[in-house]
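Report on one structure; see the data block that follows.
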Amino acid sequence: GDSVTQMEGPVTLSEEAFLTINCTYTATGYPSLFWYVQYPGEGLQLLLKATKADDKGSNKGFEATYRKETTSFHLEKGSVQVSDSAVYFCALRGGNQFYFGTGTSLTVIP
Amino acid sequence: GAVVSQHPSWVICKSGTSVKIECRSLDFQATTMFWYRQFPKQSLMLMATSNEGSKATYEQGVEKDKFLINHASLTLSTLTVTSAHPEDSSFYICSAAVTGYGYTFGSGTRLTVV
């Protein structure tokens, strides 16, 4: 079945450091891929998405490219800020159902 | 647009009591609502899918008699945890599919059973 494997955390970075959170997927067909962010005490918010191979999703300085050949959708940001501290979930959508990774907790220290 | 309002945001209840969680679509009609559960340090797991006016479809391993889902209108879906036990303590979150927008999530409910 469909599944998502996400880099385990927690991840702690200094402000302005480069961020990579790895995500790979297994899916039948051609799923859409997503990154969601969960700030402390809040629900999920869509960060970015890509719907087909080679698409690049981007938002708030974060980027991820849909790589069909490596079945990956790694999240990157060139310079993180303290306000980026949150839990990040990689997800794929097959039909109406989402499959989430386990989440990666990111803490950015000043 | 496409906002789902989820209440309560947190609740503490005694073992054996029931708790109702509501999700309301504020500016669209939610034909289908999805209910997820997140245990600490784990991912969101789909519990059930509810369709307006019909019975919910539960994922394997989810007790339908314990987690009652009602989707009586296009703007309201509820999840009732019946006879709650400490192992039901979790973060519950709903999601709705929105035509032309994608999927939107509620803010979640932190349930603690003592």
Side-chain angles (χ1 to χ4, degrees), chain A residues 1-12 21-27 31-52 55 57 59 64 66 73 75 86-107, chain B residues 1-11 21-26 30-52 56-62 90-112:
Chain A
D2 294 357
S3 67
V4 173
T5 300
Q6 184 175 343
M7 183 177 91
E8 292 190 18
V11 174
T12 302
I21 302 177
N22 290 337
C23 172
T24 57
Y25 67 91
T26 301
S32 295
L33 301 176
F34 304 80
W35 277 99
Y36 281 87
V37 57
Q38 185 179 29
Y39 296 104
E42 300 183 18
L44 293 181
Q45 298 176 27
L46 177 64
L47 180 60
L48 54 84
K49 67 179 182 181
T51 58
K52 61 182 187 297
D55 268 3
N59 185 26
Y66 190 142
F73 194 55
L75 181 69
V87 179
Y88 293 82
F89 290 93
C90 183
L92 71 83
R93 192 180 77 232
N96 274 336
Q97 183 167 342
F98 278 88
Y99 298 87
F100 289 88
T102 52
T104 301
S105 175
L106 170 66
T107 301
Chain B
V3 176
V4 170
S5 176
Q6 184 171 347
H7 293 281
S9 56
W10 61 270
V11 58
I21 302 169
E22 292 188 350
C23 277
R24 292 180 183 274
S25 57
L26 299 185
T31 307
T32 303
M33 195 76 80
F34 305 91
W35 288 92
Y36 292 84
R37 177 171 58 187
Q38 181 185 26
F39 290 109
K41 300 189 185 302
Q42 295 186 31
S43 185
L44 291 158
M45 299 297 293
L46 180 67
M47 297 175 65
T49 303
S50 73
N51 293 293
E52 185 267 335
T57 302
Y58 290 81
E59 296 299 304
Q60 192 173 7
V62 178
S90 189
F91 184 76
Y92 295 86
I93 193 166
C94 60
S95 173
V98 186
T99 303
Y101 179 84
Y103 291 78
T104 185
F105 287 80
S107 55
T109 298
R110 174 79 55 194
L111 170 64
T112 302

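Protein chains get the first letters and strands the later ones, always in sequence-line order, with residue 1 at the start of each.
Within the 4.5 Å cutoff, the side chain of B/Phe91 has heavy atoms near those of the A/Gln38 side chain. By the 4.5 Å heavy-atom criterion applied to side chains, A/Arg93 and B/Tyr103 are counted as neighbours.
Contacts of B/Gln38 with chain A are made by side-chain atoms alone, with heavy-atom separations under 4.5 Å and no backbone atom involved.
The heavy-atom pair separating B/Ile93 from A/Leu44 by the smallest distance is CD1-N, 3.8 Å.
Within 6.0 Å of CD in A/Glu8 there are 12 or fewer heavy atoms belonging to other residues, nucleotides or ligands.
Qualifying ring-ring contact (aromatic ring centres under 6.0 Å, His included) partners for A/Tyr88, counting only residues two or more places apart in sequence or in other chains: A/Phe62. A/Phe89 meets the ring-ring contact (aromatic ring centres under 6.0 Å, His included) test with no other residue; sequence neighbours excluded.
Interatomic distance, A/Phe98 CZ to B/Phe105 CZ, rounded to the nearest 0.5 Å: 5.0 Å. A distance of 11.0 Å separates OG1 of A/Thr102 from CE of B/Met45, quoted to the nearest 0.5 Å.
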